[in-house]
Structures are given as structure tokens and as C-alpha cells.
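Numbers for residues simply follow the sequence, beginning at 1.
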Amino acid sequence: GNPWGVFEGASCAVGRSLVKMSTRNALRRATAAAPWTTATPRSWKPVELCRTVWSSGSPVRGFAPVTPKASPWKGGRSFAAAAEYPPHQTITMPALSPTMTQGAIAEWKVAPGAQVKAGDVIADIETDKATMALESMEDGWMAKILVEAGAQDVQVGEIICVMVEEQGDCEKFADFAPTAAAPAAPAAPAAPVSPVAPAAPAPAAAASPPRPTSGDRVFASPKARVMAKAAGIDIALVNGTGPNGRVVMSDVQNAIETGVVAIETGGGSVTGASGTGVTGDQNGFARFFPAFEDVNLTNIKKITAARLTESKQTVPHFYLSVDVRMDALSALRAQLNEGLQKAGGKISVNDFVVSASAKALLAVPEVNASWMGDKIRRYKKADVAVAVQTPQGLMVPVVRGACGLGLSGISGEVKALAGKAKEGKLAPADMIGGTFTISNLGMFGVKNFAAIVNPPQAAILAVGAARVEVVKKEDGTGYEEASVMNVTLSCDHRVIDGADGATWLGAFKGFMEDPVTMLL
């Protein structure tokens, strides 16, 4: 097939796949590092593959690449940011998932000065969905790491490290800064500054030692500088939490909202509140029992928070609950697990829930659907997502084709996906395309709860713990003890009507209370 992912005249956003390239180790993709427009894609040659232009318009016709001079860097992919630097390659933050706009450096696998082979993992990148490995496409040496491990909100296309071919060139990049890697954005008009700030600096700020800087420069993002200037805050007094103490927007926002500016000193950090100073700790307990602790958000938590907030604000939820008798299912489960014991297998209650949900989705297709804006899309098979809590945040891997799997197949899939999730090895493909979600908190003893719909899906099932209750016998002759589990279906009312949701819960309840029907 055609390896090119763009056509002549197409706009190339940062991170967009341009072309598939076959290396000696694997099939790779070349992505755009700047928002350009392709002029003339060409067949592969060891010189220039394509040319991009800054402005859109008619493709450049009759263009022929000029063969470059021989470069020590393989593939002609090197460039020099300034005349004093030898040929080198800058590695940028890649777009590792379709929805990724920024990422975080979870861990660097190589150190500056280390040799790197094509295909070696040089860093673990935390995306909006999972932690993935970043592999080198060339042989070379790591000259400098520009974004330290733990850095958050690194934009796709931002330079994160520099590689060279010769080991002796590494030391020449000690003072390298990627200032010329991309054209500078036009400066925003300066916001009016209140005359109060320059007139009389606060005595506390004047007496406090300045935050460590490189020379006279304060490392801060452009947006953080604009925000600080508009608020009348001296950005040199704001404690940066970004890479290498870089001040980011969240630092300035925190100073504006709380009125607290943290100033680093030789012995640590001292936090002073506006107009109060650091007082009120006469017994010295603060050093052992701090008032609070700020925990940095992972990318997964940020994305989860944003999407759930959007869902709760834009999706009209309604909720339906029903109690399910679990006696027959528990007896069948014990019988099946006894037979699987020699093989080391075990079927959980959640496996039955996944199977019953998938079969109910086929029986009531109105629930196995998505809101598409101007239409409702109904799916022909059930791909059931299962919420899994991990140290990095909430992950929702998908059991594909759950409607066609037996209980053993579902059990194996769920165990494999949950293990990958807890190890941070889930790929984006493992979490894309679910048509329905299950969130089970029964193992924590939660009786019932209502979950938030996971768009574009139209429903999510919240599963509580089984409990023993006294219920009326089916023949009406008396009462008996029974194991009962509560489930709550959260529905998107744009897609699912109340009667459809109730019908689906009836089908689910029927499969759970007569589990043999799931095996037919």
C-alpha cells in the first residue's frame, strides 16, 4: 500500500504521521515536528523524502530535491541549530496516541554520554492513556537531555534530547539550548501593569534571598510570564515546580489563588502568606506535621478528570438500579472452579458480570450505542470495557468481542489486561473502541453507587457487593435468606430511554439469576 500518510497540499499538524519507513529493526513512522504544509511527497531515497512549506496554498510543482552534502549522520536527518554545534539530531516529544497533545517523561533509560543503538528504548513516555516506550530510530550517542525525568505537560513536538553520531561531540552540547529549534511565536501585547508593584517593593520580598536562577535569567514559560505580569507578581519570587525549577502557569495560578509565594532558601523552602508571614507555630510542630501536601497529577489523572467533568456537565444522566439474586450463580461458579482447579484457572463474579452484560447488549441493542451528534450509532458486537484502578490512575481496558467469548476466555482476557494496566504496559489500542463499561467496587464492600458515563459510550454499569438478605420465596409460601447484589445502570438520556434501560437491566438480571443460559 501507499506508505505516505499525507497528500500534496495537506496540512501537517505537529505529531501527524507523514510516512512509514522501514528500518533494519522495525517499521517506523516519521511525524511532523512543526505545523507545515507538504509540497511534494516523494518515493524513498537516502536524501530528501518530502518538502514542507509554512503557508498553505497550491502544491509546489516541478520541485526536485538537491542532493545534500555527505553527512556523518545516517539518513541525512541531522541539522545544526547553530554554527558552533556539530551535526546532531534533536528528538521531540512524539504523538504516541491519536488524542495525545502533551506527555510526561516518566523515566530516562539512558544517560548523557551513553551509546544508543537503533531500536533501544531511550525513555518511558507517559501519555494520556498509558506509559509507553520511546525507541531510538538511529545509532548514536546521547549528547544532552533537555527535559528531565518527571517533567509534566511536555507538548508534542517539543525537543526533549539531542543525539550525535560521534562520542567526542557529546561534550560540545553542554550549553545547548533549543532556542532556535522552532520559530518564535509573535510576542503577545504586554498587559497593563499596576503602578503599585514597581513603586514600593514589599520589604519581605526585598529581604528574602532570590530563587536560584541561571545567571540573571528566571526560567519560566511564556504563558507563566504573561500571567504573572498581568497579576502584578514578580515571577522571580515564584517557586517553580517544572523541570529544573522552571516556573509554569500552575505555579503562578497557585500564587494568585492562595496568596502564597514560596521562596527557596539554602536550607529548603519557606512559605509565607501575604500579610501574615511565617508565624503561629510556637511549638515547632510544623516541621513534623505540615499543614498539607500537594501531589502532582499524572497525565492519566489529568485526562480522566477532564473527561469525567465534561461527561457530567454535558451528558444528561439518569440511573436505574436493581437487585440480583446470586445463589444460583455462586453455586455454578463453585462447580466450574472446582473443575478448573487442576489447570490453575478461576472464574470470578466479575467474569460472569462481563458475560451477562455482553449478552444483554446483544439482546437490547438500544443500549449498545453511542451519541454521534447528529445520529445514534448502534454496534453489532459488544466490546466491554472494565475499569481498573492502578497507581497511575483509572484505566479502562477493553475486552473485545466479549459477546463471543466463553467464561474462561473472558477470565483470561480480563486478567491479562488488568496485569498490563497495573504494570503500566497497556497500549492505546487496548483502551480504544469500547461500547459499554463496567465498574465493580464490590470487592471493597461497597453496597451500591452510581458511575459516570464514559463518552462516547451511552451507559456504564456500577456493581456493588453481594450481601445476605431475607427475601420472599418465589412461590410466596414464606421467606428465606438469599445472596443479593445491587447494580446501577447510568445512562445517557440522549441515546437511551428509560424503558430501554429497564429492559436491558431485566435481560442482565435474567442472565445472572439463571447463569446456565449464558452458556447456551
Side-chain angles (χ1 to χ4, degrees), residues 14-15 90-96 100-108 111-112 122-128 131 134 144-162 173-182 184-185 187-188 208-231 233-266 268-271 292-303 305-306 392-393:
V14 174
T90 56
I91 308 298
T92 60
M93 173 64 73
L96 297 176
M100 178 177 173
T101 59
Q102 59 186 20
I105 306 294
E107 180 185 2
W108 283 102
I122 60 175
D124 285 339
I125 305 296
E126 186 180 284
T127 73
D128 57 342
T131 300
L134 174 63
K144 186 172 184 179
I145 292 175
L146 299 170
V147 180
E148 298 298 328
Q152 302 285 328
D153 301 332
V154 182
Q155 299 298 317
V156 170
E158 182 176 338
I159 298 176
I160 58 176
C161 66
V162 181
F173 289 82
D175 59 346
F176 177 86
T179 53
S208 301
R211 188 171 56 85
T213 62
S214 177
D216 295 330
R217 179 184 175 189
V218 176
F219 291 98
S221 68
K223 291 184 178 180
R225 291 181 182 275
V226 172
M227 180 182 291
K229 191 173 184 180
I233 295 176
D234 184 357
I235 201 167
L237 300 179
V238 178
N239 186 38
T241 60
N244 298 320
R246 188 170 183 249
V247 179
V248 294
M249 289 182 65
S250 59
D251 301 324
V252 181
Q253 185 67 31
N254 182 63
I256 295 173
E257 292 178 353
T258 64
V260 177
V261 177
I263 307 166
E264 293 186 0
T265 66
S269 63
V270 179
T271 304
F292 59 86
E293 176 187 7
D294 291 331
V295 179
N296 292 330
L297 296 177
T298 64
N299 269 2
I300 294 173
K301 284 187 176 291
K302 289 180 182 178
I303 297 298
Q392 295 80 24

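Here the rule is side chain to side chain contact (heavy atoms under 4.5 Å, CB included) with Ile160, and of Thr90, Ile122, Thr92, Leu134 only Leu134 fits it.
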Using side chain to side chain contact (heavy atoms under 4.5 Å, CB included), reason through Met93 and Gln155 one step at a time and then give a plain yes or no. CA-CA 7 Å; Met93 173 64 73; Gln155 299 298 317; over 6 Å; no

Stepwise, does the side chain to side chain contact (heavy atoms under 4.5 Å, CB included) test hold for Cys161 with Leu146? CA-CA 5 Å; Cys161 66; Leu146 299 170; 5.7 Å; no

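When all heavy atoms of Ala224 and Val247 are compared, the closest pair comes out as CB-O, 3.7 Å. Across all non-hydrogen atoms, the minimal contact from Pro222 to Arg246 is CD-NH2, 4.3 Å. Summarising the geometry of Glu107 relative to Ala149, their closest heavy-atom pair is CA-CB, 4.3 Å, with the distance given to 0.1 Å.
In this structure, the side chain of Asp251 engages the main chain of Thr241 through a donor-acceptor pair within 3.5 Å. Without hydrogens or angle criteria, Lys223 side chain to Met249 main chain gives no donor-acceptor distance under 3.5 Å. In terms of modelled atom types and a separation under 3.5 Å, the side chain of Trp108 and the main chain of Val147 share a donor-acceptor contact.
Shown here are the salt bridge (Lys or Arg N to Asp or Glu O under 4.0 Å) partners of Glu148, two or more places apart in sequence or in another chain: there are none. Qualifying side-chain contact (heavy atoms from CB on, under 4.5 Å) partners for Asp153, counting only residues two or more places apart in sequence or in other chains: Gln102, Asn299, Lys302.
Side-chain contact between Ile125 and Ile105: present, with at least one pair of heavy atoms (C-beta onward) separated by less than 4.5 Å.
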